[in-house]
Amino acid sequence: MRPQVEVLAQQYFEGEPAEISDAAIALFCDWIMAEFQQLPLAVQVSNSDRYETIEEMFLDIDQGHLWASMENYDSDIYPTPFFGVALLSVHDYDHYLSQADFSLEGEMTAYRAIAERAPSLEIQKMLYSEIVLKAAAYICLGHKPESKVVFP
């Protein structure tokens with residue numbers, strides 16, 4: 001396993017859950033919903049389905065459709081689980097626009113795309129935890145890690 005993956009995964013595993021203000025959470029939720037509403041495709045929610053390959057996801061997006069799993073971004077910071085679905089949908093579309101795969105490098109590319117649009121540094125940090133650090137932890141474990149937001 002590459003050292004960068006291990007370093008980022010350790011930041012996720014060892015990091016204490018971040019203290020995020022209610023105002024920052026509200027701003028994040030409003031912003032991610034606005035991003036979600038601009039997606040040019042139909043999103044269908046699933047409890048557990050996830051794409052095994054980037055090619056499957058890109059094919060669906062080419063056809064104007066995207067599956068989003070309720071369990072991939074289920075964080076306690078969201079007022080309802082749908083905000084995790086909205087984040088995942090926007091993030092997956094960023095994968096598509098940047099032609100980024102599911103590797104750590106691909107996750108970093110998709111993160112940079114969404115971070116450029118984020119309205120604050122705190123939201124960029126939330127996104128970094130949710131996208132890059134959680135992906136590194138997933139790669140190390142081979143399954144979804146415990147959900148939390150950490151600021152390394």
Side-chain angles (χ1 to χ4, degrees), residues 5 8-52 54 56-58 60-61 63-98 100-104 106-152:
V5 170
L8 293 172
Q10 280 309 113
Q11 289 177 0
Y12 190 83
F13 296 140
E14 295 174 1
E16 292 295 320
E19 291 190 27
I20 304 168
S21 71
D22 291 343
I25 292 170
L27 177 62
F28 175 82
C29 290
D30 289 347
W31 174 73
I32 204 63
M33 285 308 296
E35 291 279 313
F36 176 77
Q37 290 168 347
Q38 293 176 34
L39 290 175
L41 43 93
V43 175
Q44 286 187 271
V45 179
S46 166
N47 285 330
S48 60
D49 289 342
R50 58 177 277 130
Y51 290 103
E52 294 301 320
I54 200 75
E56 287 177 323
M57 187 175 79
F58 286 179
D60 272 359
I61 291 173
Q63 297 172 3
H65 176 264
L66 179 68
W67 283 101
S69 172
M70 293 281 287
E71 74 177 23
N72 283 345
Y73 289 93
D74 62 338
S75 178
D76 290 342
I77 66 166
Y78 307 134
T80 70
F82 190 76
F83 288 97
V85 168
L87 171 59
L88 175 62
S89 301
V90 171
H91 171 63
D92 283 350
Y93 194 64
D94 282 332
H95 271 280
Y96 177 76
L97 292 176
S98 59
D101 62 17
F102 291 145
S103 68
L104 182 61
E107 294 298 336
M108 290 176 155
T109 298
Y111 161 76
R112 283 190 292 275
I114 196 170
E116 289 177 3
R117 301 188 309 271
S120 73
L121 177 60
E122 190 165 23
I123 289 176
Q124 287 177 341
K125 290 170 27 178
M126 293 165 66
L127 292 166
Y128 187 78
S129 177
E130 285 287 82
I131 295 169
V132 175
L133 297 181
K134 191 181 281 187
Y138 184 98
I139 291 167
C140 282
L141 293 173
H143 60 81
K144 182 179 163 285
E146 173 187 335
S147 191
K148 62 181 178 177
V149 175
V150 299
F151 294 164

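Quantities reported herein were computed from a predicted structural model and do not represent experimental measurements.
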Result block: side-chain N/O donor-acceptor pairs under 3.5 angstrom for residues 15-31, not counting sequence neighbours:
from	atom 1	to	atom 2	distance (Å)
Ser21	OG	Ala24	N	3.0
Trp31	NE1	Arg117	O	3.3

**Request:** Could you tell me which residues satisfy side chain to side chain donor-acceptor pair (under 3.5 Å) with Glu14, sequence neighbours excluded, listed by chain and number?
**Result:** Gln10
**Any residue meeting side chain to side chain donor-acceptor pair (under 3.5 Å) with Tyr96, in chain and number order, not counting sequence neighbours** = Asp62
**With sequence neighbours excluded, residues passing side chain to side chain contact (heavy atoms under 4.5 Å, CB included) with Phe36** = Met33, Leu39, Val43, Phe82, Ala86, Ser89, Val90
**Prompt:** Mind checking what makes side chain to side chain contact (heavy atoms under 4.5 Å, CB included) contact with Glu52, not counting sequence neighbours?
**Reply:** Arg50, Glu56
**Request:** Taking Tyr138 for its side chain and Leu133 for its backbone only, find out whether a donor-acceptor pair lies under 3.5 Å.
**Result:** no
**Request:** Mark yes or no for whether His65, through its side chain, and Asp60, through its backbone, hold a donor-acceptor pair below 3.5 Å.
**Result:** no
**Six-ring centre of Tyr12, Lys148 cation under 6.0 angstrom, axis tolerance 45°** = yes
Distance-only check: which donor-acceptor pairs under 3.5 Å involve side-chain atoms of residues 109-116, not counting sequence neighbours?
from	atom 1	to	atom 2	distance (Å)
Thr109	OG1	Glu105	O	3.0
Thr109	OG1	Arg112	NH2	3.3
Tyr111	OH	Gln124	O	3.3

**Asked** Using a distance-only test with no angle check, is there a side-chain donor-acceptor pair under 3.5 angstrom linking Glu107 and His95?
**Response** yes
**Message:** Rounded at 0.5 Å granularity, tell me how far CE in Met57 sits from CG in Asp101.
**Reply:** 10.0 Å
**Asked** With sequence neighbours excluded, what pairs up with Phe151 under the ring-ring contact (aromatic ring centres under 6.0 Å, His included) test?
**Response** none
